[in-house]
Q: 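What follows is a single structure, and I will ask about it in a moment.
Just so you know, these numbers use all the heavy atoms, side chains as well, and skip hydrogens, waters and symmetry mates.
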Amino acid sequence: MAEIKGIFNSLSKMIDTPKQILEKVNEILLQRLTKKDFVSALYGIIDSEKEELTFARAGHCPAILIRNSKIRTFKTSGIGLGLTNSFDFNNHLEEITINLKDDDTLAFYTDGITESKNDKLEDFGEEHFSNILIEHSDKSVNEIADEVIKEVSLFSRSHHQYDDITLIILKWNKKNNSNGV
Amino acid sequence: MADFNTSIKEQGDISIINLRGYLDAHTAPVLENNFVDLINKNRFQIVVDFKELAYISSAGLGVFMAYVEEIRQNKGDIKLSGMSDKVYNIFDLLGFPLLYEIFNSEEEAVKKFSEK
């Protein structure tokens with residue numbers, strides 16, 4: 001994990017677009033990882049002047065946008081890092097740009113949330129996750145994250161959590177020109 | 001830890017691996033051994049059927065990448081079939097449908113080999 005972060009950190013200073021960064025990371029990881037190993041990632045850049053988020057998804061969970069209590073899921077085309085050669089990876093990697101509006105909420109996450117299990121081995125699921133995000137989208141980023149983690153913990157309280165959980169919630173507010181985690 | 005096992009049947013030049021139970025990082029070596037055995041026997045036309053697979057973790061997916069290159073270099077392929085929606089979603093998220101042919105049934109996957 002530290003090595004992956006290091007690679008992204010270095011490349012982000014030299015390369016300007018999410019697609020190009022992910023393509024380069026794939027090239028590096030193909031040489032570094034064994035064939036069985038791969039990494040999923042979503043890389044995005046926020047342009048605060050243009051009020052835009054540009055991102056690409058390499059096999060990772062989709063990006064989520066909640067606007068006016070309506071949810072949109074962005075499952076753009078993209079293969080996991082380290083899974084295939086540059087030709088296939090680059091050809092299938094889609095980069096998109098979203099125009100941000102005041103009070104937009106963005107959520108990025110790992111499958112440790114949606115694949116959390118209860119004692120019946122049922123998944124927490126994407127719908128459950130989406131409903132919590134919609135219900136609490138008028139709250140602060142910390143409050144939304146707390147609600148998600150609380151619900152996941154309750155749901156999986158009688159089943160061991162095997163996977164790690166990462167959750168990033170951002171809110172766009174032009175007036176303050178700030179975003180939070 | 002939940003169970004995982006496989007069975008292999010042969011249909012001419014095609015080998016069909018049926019998966020059962022829970023495929024994750026702990027149980028993946030069972031399937032790895034299946035691939036190694038088939039490669040050692042020069043059997044490169046392989047269908048993996050997921051009809052009886054209850055669960056696959058993202059770590060379990062790595063097994064499919066470990067041997068596919070060697071198999072394709074030998075003019076073979078790994079074709080996948082019979083996934084539940086839940087299992088398919090995990091493959092789909094990682095972009096596997098762009099790398100592998102995935103069929104609704106074992107029979108369709110076998111037929112595709114015969115059409116070559």
Q: Between B:Phe96 and chain A, with a heavy-atom cut-off of 4.5 Å, which part of the residue counts as in contact: side chain, backbone, both or neither?
A: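 Side chain only.
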Q: Determine the option with the most heavy-atom pairs under 4.5 angstrom with chain B, choosing from A:Leu81, A:Leu83, A:Thr84.
A: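 Maximum pair count with chain B is reached by A:Leu83.
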Q: Under a 4.5 Å heavy-atom cut-off, does chain A meet the side chain of B:Phe64, its backbone, both or neither?
A: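 When you check distances to chain A, no heavy atom of B:Phe64 falls under 4.5 Å.
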Q: For A:Glu3, enumerate each residue passing the salt bridge (Lys or Arg N to Asp or Glu O under 4.0 Å) test, keeping only those at least two apart in sequence or located in another chain.
A: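 With sequence neighbours excluded, A:Glu3 shows a salt bridge (Lys or Arg N to Asp or Glu O under 4.0 Å) to A:Arg32, given in chain and number order.
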Q: Treating B:Asp24 as the side-chain partner and B:His26 as the backbone partner, does any N or O pair qualify as donor plus acceptor under 3.5 Å?
A: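 Yes; at least one donor-acceptor contact below 3.5 Å.
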Q: Decide, yes or no, whether a salt bridge links B:Glu10 with B:Arg43 under the criterion of side-chain N to carboxylate O below 4.0 Å.
A: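 Yes, charged N to carboxylate O under 4.0 Å.
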Q: Under 4.5 Å between any side-chain heavy atoms of A:Lys117 and A:Leu121, yes or no?
A: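 Yes. Closest side-chain heavy atoms under 4.5 Å.
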Q: For the residue pair B:Asn89 and A:Glu126, confirm or rule out a side-chain donor-acceptor distance under 3.5 Å.
A: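 No, A:Glu126 and B:Asn89 have no side-chain donor paired with an acceptor closer than 3.5 Å.
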Q: Would you say the rings of B:Phe4 and B:Tyr22 are close, in the sense that their centroids are separated by under 6.0 Å?
A: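 Judged by ring-centre distance (under 6.0 Å), B:Tyr22 and B:Phe4 do not meet the cut-off.
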Q: Are side-chain N/O atoms of A:Ser140 and A:Glu143 paired as donor and acceptor at under 3.5 Å?
A: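 Their side chains do contain a donor-acceptor pair, which is all the 3.5 Å distance test asks for.
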Q: Hey, which residues of residues 11-23 of chain A are touching chain B, say heavy atoms under 4.5 Å apart?
A: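 Checking residues 11-23 of chain A against chain B gives no residue, so none.
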Q: If you group Ile, Leu, Val, Met, Phe, Trp and Tyr by side-chain heavy-atom gaps below 4.5 Å, do A:Phe89 and A:Leu30 land in one group?
A: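 A:Phe89 does not cluster with A:Leu30.
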Q: If you count the non-hydrogen atoms of other residues, nucleotides and ligands that lie under 6.0 Å from NZ in B:Lys86, is the total more than 12?
A: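 For B:Lys86, atom NZ is crowded (more than 12 foreign heavy atoms under 6.0 Å).
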Q: For residues 33-41 of chain A, give me every residue with a non-hydrogen atom less than 4.5 Å from any non-hydrogen atom of chain B.
A: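 Listed by number, the contacting residues are A:Lys35, A:Lys36, A:Phe38, A:Ser40.
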Q: Checking the side chain of A:Asp111 only, and the main-chain atoms of A:Thr114 only, is there a donor and an acceptor separated by less than 3.5 Å?
A: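 The answer is no, because no donor-acceptor pair under 3.5 Å joins these two groups.
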Q: Answer with yes or no whether the side chains of A:Thr97 and A:Thr54 bring together a donor and an acceptor at under 3.5 Å.
A: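 Their side chains do contain a donor-acceptor pair, which is all the 3.5 Å distance test asks for.
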Q: What part of A:Asn91 gets within 4.5 angstrom of chain B, counting heavy atoms only: side chain, backbone, both, or neither?
A: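 For A:Asn91, there is no contact with chain B at all, as no heavy atom is under 4.5 Å.
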Q: Starting at CG of A:Asn85, measure out to CG of A:Asn26 and round the result to the nearest 0.5 Å.
A: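 Reported value, rounded in 0.5 Å steps: 8.0 Å.
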Q: Test B:Glu108 against B:Ser105 for side-chain hydrogen bond (donor to acceptor under 3.5 Å, both in side chains), laying out the working first.
A: CA-CA 5 Å; B:Glu108 286 173 62; B:Ser105 71; 3.3 Å; yes
Q: Is chain A contacted by the side chain of B:Leu93, its backbone, both, or neither, given a heavy-atom distance below 4.5 Å?
A: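 Contact with chain A is through both the backbone and side chain of B:Leu93.
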Q: Is a side-chain donor-acceptor pair under 3.5 Å present for A:Lys171 with A:Thr105?
A: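 Judged by distance alone, the side chains do pair up.
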Q: Return the option, out of B:Pro97, B:Gly62, B:Ser57, with the maximum number of heavy-atom pairs under 4.5 Å with chain A.
A: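 Going by pairs under 4.5 Å, I would pick B:Gly62.
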Q: Do A:Phe124 and A:Phe129 have ring centres separated by under 6.0 Å?
A: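 Ring centroids of A:Phe124 and A:Phe129 are no less than 6.0 Å from each other.
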Q: Could you please state which residues from residues 55-76 of chain A sit under 4.5 angstrom from chain B, measuring non-hydrogen atom to non-hydrogen atom, sorted by number, or 'none'?
A: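 Near chain B, by residue number: A:Arg57, A:Gly59, A:His60, A:Cys61, A:Pro62, A:Lys75.
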Q: Would you call A:Lys24 and A:Glu27 a salt bridge, using N to O less than 4.0 angstrom?
A: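 Yes.
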